[in-house]
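The analysis underlying the following values was restricted to heavy atoms, covering all of them including side chains, and did not include hydrogens, waters or symmetry mates.
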Amino acid sequence: MWSKYDEMLLQNPFFMEIQEHHKDILEKSSRENWTICVPRMGTFELEDVTVEAILDHILIPEDEDNMYHTLSKKNIQVQNRHITKHSSHDSICDSIEILFEETFYVQKKSKYKVWCIECPLFWNHKNSHTQSIKIIGDLRDCLDFLWCESLGHTILDGIKNTVLNSAAESQTIEAEDLQTQKEFIGILFSQCLQVGMKNEIISDKVVDNLFFENFKLAVETYMQYCLGRKLIYSIGSACHQADSHLTKIIKNSNHLHYQDLGISCKFLNIITAAKSELSRINNYFTALEKINCLRKTFQIFQEGGSAIAHITSDHILPVLVFLILKLNINNWVANLLYLKEFRLSSLKNPDHISFVISSLEAAVEFIKSSEFLHLKKGLEQTTNCNNPKLKLIVDGIKSGQVNLFINHKSLMPEIPKQCHPLCLCTTCQEKEKEESSKNLDPLCHQSLLISATLSGDSEVVDFLLNQGVDPNETDSSGKTCVHYTVSRGHQSILLLLLNFSVNLNAIDNDGNSPLHLACLNGQENCVKALIYSSKINIDCCNALGETPLHLATICGYYEIVKILLENGASPFVKNKRNQAPLDVVPDYYIKEMFRKSISNHRVSPEEFRKVDKNDSISQPAPIEEKIENFRKIDLLLKAIESNDLPLTNFYLGFHSNSKIQKYDCCHPLCTCNNCKRNTEEHFFETDIESMNINICDMNGYTPLHVAAKFGRTEILRLLLDSGALVDVKTNNLHTPLHLACINNRTQIVKELLKCGDCKVDELDTEGNTSLFYACENNNMEIVKMLLLSGADCNIRNNAGKSAFQHCEENMQYRLMKILNSNMNSSIVDWDTSGSTDASDYI
């Protein structure tokens, strides 16, 4: 083992003490051939390096072989690179290993030997070793502990290989429930402990209780480090619904100030420092490091609280709530579960750790509680009543006495007048102070319409819009009333705004569109309303290059991500950090949704990756036009697959009347009987460009192929009457007739064969005809129709089989009789009634 250990003796505190203060010993050692023993680093404390200890470690050789005595007159023996002692009154360990030997020179003339030994010689080895074991505080301490105590990297390599093998064997652990994940981690921890216990040095030392606790903590921490993000990802998948629910509450409470939570301004310095520390919690993979992050945060509370009289848990809890609201962290529930359920080893000061975790849990539970929601709602109502002119209009509408024309510009908050712009008189300073306090109000210096949308009063919004107020007016942040409406989730007001000329793609100073804010705040109903309006850019990018899909994915809003993907949002657009939505997926279930969406997407990921968003600003590149065309094709084919005739007509540019009639709905998303009837009788007027009737997707599927495959008879008739090519082929050379026969669409086959130019003997890539597939499905009616239309039953495919041979091999006797009769007569009236067996055929 000794050859595997190494350290810089010149940096060893024991040897440094001899070199600095006992040079006479070094000179004497070089002259008298003495040997200096130096205990390895980590086995002693600095206060233990005394003159007596140094004398115990200077070895003087005797006449007998391998016998030595120290300067303190203690006898020892050296055999096989191990030091043993003979005196019974000294409490030396039975055997201490010499790890390595080095030679040092004195003024380049004489030399002396130095032995680096496993531990100190004449201290109580058991007690000193126990005292020398450092309490593990972080990941670096764990790595040093496993390396130094085992004298090598064998244990580290063994643990890493065990973790990687287990992770590879259980690739779907993130899809399991929390209990299954705990059992998996427990079993993996036991396997890693067994790897460490196989080491002889470790197995000899685990008898010490403190050593064993440190060993378990080091193994657990390194195991979690090797798992990396996989563990927190799996836990996040198990509690993704709870995390997304909490994230939605946090995002919609981000406008709260520290005063609203009853936090004194004395804590502002503490909040800034604590926020910086706590924001790093997701940078750590291990429970030990996450706990250290929380401990440092609470240490900031304690150190900052020294300037305040007495800081208590009553002070800490509101500050912790405020930090959670302001930090951009979306997996607080997963982090809490990690710290509570996946710590398998004990740590120093468990009471303090329990207090830290319990405080964080209390803050999270408070945010989810009805008490917090009532507080938030009460603050919003108080804020919304701060605009006296808005309150006047509300009271007037309720009393029915509002009949004046509203000039919304005159309703802007008045700026207090000063003697002159730089006046510092008492009166002007008081006015300035009063104005600065009003700036905390989000309704201050905003248009009355924006203030009304923030208050959520649809009657006031309706009144102002009917008075001619511009719905596209912006405030100082560049936001319009639509931005505030969707961020607060006021769907009724949004539906009201859709009836006016409101810009749904307006961007604020940060480049966020209303769809960005709706996705960020988890307002699912508003996302639906915006998308179904058919007037938005679903892949627009903000100042950071993030699309709405980026924001919904990061926050873990499963339903919103699903809505965006179903309506054509691209999972491949990259932000300015070069991250696509695929790169920021927070849990297994959203990842699976992405996987299914990509597998069903008709545009390859490589083409999406070639899109350069910077070039698209000035002039669309050809690849972008191609992508946009494929999206339109995808929507058309999905409409046909869903048998949605009105939507199919919409995309193809067909209308029921030559002149389009407009009609009024209760609101854009209304589904009442009257609006449904109007929808069935008329089509919306649209700016969408009409598609070619024979347009195809990446796989070569045209609208006629999809209609034939899914048996959409009415749509198929419409396509044929509009000039669709009846024999157009896919990439697999399938014609619509092939697909109808493969999927047993009897009525579709009949409609296609009515076309005089339908070729019944076309071959696909496997050389099969439509008749072959009809026989394969044992569909006698389709076989009869094909034969009557001139199908040849003797055409062989790439495997050398004809339709007749296929029936013969599969003992389809009734079909064999029909095919045999067809070979004998060009037109036969087959009687398929009654039973048919082999004797009939013979």
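In terms of modelled atom types and a separation under 3.5 Å, the side chain of Gln579 and the main chain of Val584 share no donor-acceptor contact. For His483 (side chain) and Thr474 (main-chain N/O), no donor-acceptor pair under 3.5 Å exists by modelled atom type. Here the side chain of Tyr557 pairs a donor or acceptor atom with the backbone of Leu520 at under 3.5 angstrom. Judged purely by atom type and a 3.5 angstrom limit, Ser279 uses its side chain to pair as donor or acceptor with the backbone of Ser276. When atom types are taken as modelled, the side chain of Asp243 and the backbone of Ala334 share a donor-acceptor pair closer than 3.5 angstrom. In this structure a side-chain-to-backbone donor-acceptor pair under 3.5 Å is missing from Asp508 to Ser477. No donor-acceptor distance shorter than 3.5 angstrom exists from the side chain of Asp260 to the backbone of Leu256, with no hydrogens or angles considered. Judged by distance alone, the side chain of Ser597 and the main-chain N or O of Met593 form no donor-acceptor pair under 3.5 Å. Judged by distance alone, with hydrogens and angles left aside, the side-chain atoms of His490 form no donor-acceptor pair with the main-chain N or O of Ser458 at under 3.5 Å. For Asp539 (side chain) and Ser570 (main-chain N/O), a donor-acceptor pair under 3.5 Å exists by modelled atom type.
In terms of heavy atoms, Pro581 sits closest to Val573 at CD-O, 3.2 Å. The heavy-atom pair separating Pro548 from Cys540 by the smallest distance is CD-O, 3.4 Å. Of all heavy-atom pairs between Leu544 and Asn575, the closest is O-CB, 3.3 Å. Among all heavy-atom pairs drawn from Gly186 and Leu344, the shortest one is CA-CD1, 4.4 Å. Closest approach of Leu517 and Ser487 over heavy atoms only: CB-CB, 4.2 Å. Of all heavy-atom pairs spanning Tyr258 and Phe322, the tightest one is N-CE1, 3.5 Å.
Distance check, rounded to the nearest 0.5 Å: CE of Met223 to NZ of Lys216 gives 12.5 Å. Atom-to-atom distance recorded for Ser253:OG and Ile367:CD1 is 7.5 Å, nearest 0.5 angstrom. If you take CZ on Phe500 and SG on Cys481, they are separated by 10.5 Å, rounding to the nearest 0.5 Å. Between the NE2 atom of His315 and the CD1 atom of Ile263 there is a distance of 10.5 Å, given to the nearest 0.5 Å. One finds the CD1 atom of Ile281 at 6.0 Å from the CG atom of Leu339 (value rounded to the nearest 0.5 Å). Interatomic distance, Lys574 NZ to Thr547 OG1, rounded to the nearest 0.5 Å: 13.0 Å.
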Worked verdict on Leu496 versus Thr485 for side chain to side chain contact (heavy atoms under 4.5 Å, CB included): CA-CA 11 Å; Leu496 185 62; Thr485 299; over 6 Å; no
Residues Gln491, Val486; criterion side chain to side chain contact (heavy atoms under 4.5 Å, CB included); working and verdict: CA-CA 7 Å; Gln491 189 191 39; Val486 298; over 6 Å; no
Chi angles and distances behind the side chain to side chain contact (heavy atoms under 4.5 Å, CB included) call for Val561, Phe594: CA-CA 9 Å; Val561 172; Phe594 272 108; 4.2 Å; yes
Verdict with supporting geometry, Lys479 and Ile450, side chain to side chain contact (heavy atoms under 4.5 Å, CB included): CA-CA 9 Å; Lys479 292 182 173 64; Ile450 291 179; 5.9 Å; no
Candidate pair Glu174 and Lys230, rule salt bridge (charged side-chain N to carboxylate O under 4.0 Å, His left out), full reasoning: CA-CA 8 Å; Glu174 60 266 19; Lys230 185 178 180 65; 3.6 Å; yes
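Side-chain atoms of Phe298 and Phe355, non-hydrogen and from C-beta on, do get closer than 4.5 Å to each other. Contact of the Ile270 side chain with the Phe301 side chain is registered, since non-hydrogen atoms from C-beta on lie closer than 4.5 Å. Taking the side chain as every heavy atom from C-beta outward, Ile235 and Gln181 approach each other to under 4.5 Å. Under the 4.5 Å side-chain criterion, counting only non-hydrogen atoms from C-beta, Asn252 is in contact with Gln523. Between Tyr484 and Asp475 there is a side-chain heavy-atom pair separated by less than 4.5 Å. Here the side chains of Cys519 and Val527 are in contact, with some heavy-atom distance below 4.5 Å. Considering only heavy atoms from C-beta on, Leu504 comes within 4.5 Å of Leu498 through its side chain. Within the 4.5 Å cutoff, the side chain of Ile271 has no heavy atoms near those of the Lys326 side chain.
Summarising the local packing, CD of Gln241 is surrounded by 12 or fewer heavy atoms from other residues, nucleotides or ligands at distances under 6.0 Å. More than 12 heavy atoms of other residues, nucleotides or ligands shown are found within 6.0 angstrom of OH on Tyr284. Around NZ of Lys562, the count of heavy atoms belonging to other residues, nucleotides or ligands within 6.0 Å does not exceed 12.
Checked against ring pair (Phe, Tyr, Trp, His ring centres under 6.0 Å), Phe366 has the following partners two or more places apart in sequence or in another chain: Phe372. Applying the salt bridge (Lys or Arg N to Asp or Glu O under 4.0 Å) test to Glu176 and every residue at least two apart in sequence or in another chain returns nothing. Residues passing the salt bridge (Lys or Arg N to Asp or Glu O under 4.0 Å) test with Glu592 are Arg595, sequence neighbours excluded. Scanning for salt bridge (Lys or Arg N to Asp or Glu O under 4.0 Å) contacts around Arg280 gives Glu277, with sequence neighbours left out. Here Ser369 pairs with nothing under the side-chain hydrogen bond (donor to acceptor under 3.5 Å, both in side chains) rule; sequence neighbours left out. Applying the side-chain hydrogen bond (donor to acceptor under 3.5 Å, both in side chains) rule to Glu371 yields no partners; only residues at least two apart in sequence or on another chain are considered.
Relative ring orientation between Tyr338 and Phe342 is described as perpendicular, the plane-to-plane angle rising above 60° on a 0-90° scale split at 30° and 60°. Under the 30°/60° scheme for interplanar angles, the aromatic rings of His240 and Tyr558 are found to be tilted.
Side-chain atoms of Glu220 and Ser345 include a donor-acceptor pair closer than 3.5 Å. At a cut-off of 3.5 Å, with distance as the only test, no side-chain donor of Lys248 or Asn330 sits close to an acceptor on the other residue. Between the side chains of Asn542 and Asn512, at least one donor N or O lies within less than 3.5 Å of an accepting N or O. For the 3.5 Å distance criterion, the side chains of Thr272 and Asn269 fail to qualify, holding no donor opposite an acceptor. At a cut-off of 3.5 Å, with distance as the only test, no side-chain donor of Asp138 or Asn292 sits close to an acceptor on the other residue.
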